[in-house]
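For ligands, and for the atoms within them, numbers begin at 1 and follow the listed sequence.
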Amino acid sequence: MASIAVYPGSFDPVTNGHLDIIERSGKVFDHVVVAVLHNRSKTPFFSVDERVAMLEEATNTMGNVEIDSFHGLLVDYMKEKEARTIVRGLRAVSDFEYEMQAASINRKLNPDIETFFMMTNNQYSYLSSSIVKEVAKYEANVSGLVPTVVEKELLKKFANENR
Ligand code: COD
């Protein structure tokens with residue numbers, strides 16, 4: 001049976017830290033679904049469609065990676081995709097508390113689901129979507145932090161906002 005993993009997140013926007021986790025999980029699992037949450041309680045910077053489009057472009061050379069979006073509970077979406085593994089990335093100790101809570105609640109909701117943690121690549125350990133937006137807001141250089149498509153979209157968005 002093929003191993004299917006879901007890498008869920010906000011990806012607002014996708015960074016090279018996320019991409020590194022996607023690439024590495026593609027080497028471990030047969031199929032990786034990167035799933036963008038439609039989150040009604042957060043006001044996102046990029047729409048779900050924009051985030052999905054950027055992820056699609058950034059992963060278009062990765063054969064076993066699919067980009068999708070989902071509403072509602074992650075465990076329900078996992079069932080729909082016939083996936084049993086959640087992939088998550090860990091940067092610093094500060095990520096641990098939330099990740100432990102999330103993994104525990106997901107296991108409580110569906111005991112067949114396992115969460116698989118991957119340590120960040122050291123060069124991306126400080127990288128987050130928020131820090132990238134903060135830097136891009138001042139039209140500073142974000143190359144090397146995000147894929148080219150994201151760099152372009154950030155420039156466009158902030159150029160419009162600062163106009
Ligand atoms: N290096 C390595 N990993 C990284 C890096 C980096 N530089 N940056 C981010 N990551 C990891 C994060 O630690 C995380 O594991 C993943 O990438 C995605 O990060 P984000 O910030 O884009 O996504 P989150 O954390 O906002 O995603 C939260 C979910 C959408 C997964 C969660 O809210 C969810 O599942 N919601 C659905 C409702 C639900 O089922 N709730 C119960 C479970 S919490």
For this session: Check whether any side-chain N or O of N16 sits under 3.5 Å from a backbone N or O of G144 as a donor-acceptor pair, and report yes or no.
Result: yes

For this session: Check each heavy atom of Q101 against ligand 1 and say whether those closer than 4.0 Å belong to the side chain, the backbone, both or neither.
Result: neither

Problem set entry | Residue portion contacting ligand 1 (non-hydrogen atoms closer than 4.0 Å) for I21 | side chain

Problem set entry | Part of L37 within contact of ligand 1 (heavy atoms, under 4.0 Å) | side chain

Problem set entry | Top protein contact for atom 31 (C) of ligand 1, by heavy-atom distance | R88 NH1, 3.4 Å

Seminar exercise, completed: Of F117, Y126, Y98, Y7, the one whose closest heavy atom lies nearest atom 32 (C) of ligand 1 is Y98

Problem set entry | Side-chain donor/acceptor of K81 to backbone N/O of D76, under 3.5 Å | no

Problem set entry | F45 and F158 aromatic centres sub-6.0 Å | yes

Problem set entry | Under-4.0 Å heavy-atom contact with ligand 1, by part of M118 that carries it | neither

Exercise. Within less than 4.0 angstrom of ligand 1, does G72 place any heavy atom?
Worked result: yes

For this session: Report the nearest protein non-hydrogen atom to atom 8 (N) of ligand 1: residue, atom name, distance rounded to 0.1 Å.
Result: R91 NH1, 3.4 Å

Exercise. At what distance is the nearest protein heavy atom to atom 19 (O) of ligand 1, and which residue and atom is it?
Worked result: H18 NE2, 3.6 Å

Exercise. Counting both backbone and side chain atoms, is some N or O of G89 under 3.5 Å from an N or O of ligand 1?
Worked result: yes

Problem set entry | Atom indices of ligand 1, in the order listed, that fall short of 4.0 Å to a heavy atom of T120 | 1 (N), 2 (C), 6 (C)

Problem set entry | Derivation and outcome, salt bridge (charged side-chain N to carboxylate O under 4.0 Å, His left out), residues K157 and E50 | CA-CA 11 Å; K157 247 210 172 125; E50 288 172 321; 3.1 Å; yes

Exercise. Taking both backbone and side-chain atoms of F70, is any N or O found less than 3.5 Å from an N or O belonging to ligand 1?
Worked result: no

For this session: Using modelled atom types only, decide if a donor and an acceptor are shared between the side chain of N64 and the backbone of G26 within a distance under 3.5 Å.
Result: yes

Exercise. Do we see a donor-acceptor contact under 3.5 Å between the side chains of S47 and D49?
Worked result: no

Problem set entry | Protein contact to atom 41 (N) of ligand 1 [nearest heavy atom, distance to 0.1 Å] | L73 CD2, 4.1 Å

Exercise. With a 4.0 Å cut-off on heavy atoms, does N106 reach ligand 1?
Worked result: yes

Exercise. Side chains of V87 and V6: does their closest heavy-atom pair fall under 4.5 Å?
Worked result: no

Exercise. Counting distance only, does the side-chain N/O of S3 pair as donor-acceptor with the main-chain N or O of D30 below 3.5 Å?
Worked result: yes

For this session: Mind telling me whether H38 and H71 have parallel, tilted or perpendicular rings, with 30° and 60° as the class edges?
Result: parallel

For this session: Starting from atom 40 (O) of ligand 1, locate the nearest protein heavy atom and write down its residue, its atom name and how far away it is, to 0.1 Å.
Result: L74 N, 2.8 Å

Problem set entry | Proximal atoms of ligand 1 relative to E99 (non-hydrogen, under 4.0 Å) | 13 (O), 14 (C), 15 (O)

Exercise. With backbone taken as N, CA, C and O and side chain as the heavy atoms from C-beta onward, which portion of D20 lies under 4.0 Å from ligand 1: side chain, backbone, both, or neither?
Worked result: neither

Exercise. What are the two closest heavy atoms between G89 and Y7, and how far apart are they?
Worked result: N-CE1, 4.4 Å

Exercise. Does atom 26 (O) of ligand 1 have a protein non-hydrogen atom under 4.0 Å from it?
Worked result: yes

Exercise. Mind checking whether L127 has an N or O less than 3.5 Å away from an N or O of ligand 1?
Worked result: yes

Problem set entry | Single-linkage hydrophobic cluster, 4.5 Å side-chain cutoff, V32 and L90 together | no

Problem set entry | Contact atoms of ligand 1, heavy-atom distance to F11 under 4.0 Å | 22 (O)

Exercise. Is a side-chain donor or acceptor of D12 paired with a backbone partner of F46 at a separation under 3.5 angstrom?
Worked result: yes

Exercise. Any N or O on Y124 sitting closer than 3.5 Å to an N or O of ligand 1?
Worked result: yes

Exercise. CD of E139 to CG of L154: how many Å apart, nearest 0.5 Å?
Worked result: 11.0 Å

Exercise. Looking at atom 24 (P) of ligand 1, what's its closest protein heavy atom, distance included?
Worked result: S10 OG, 3.7 Å

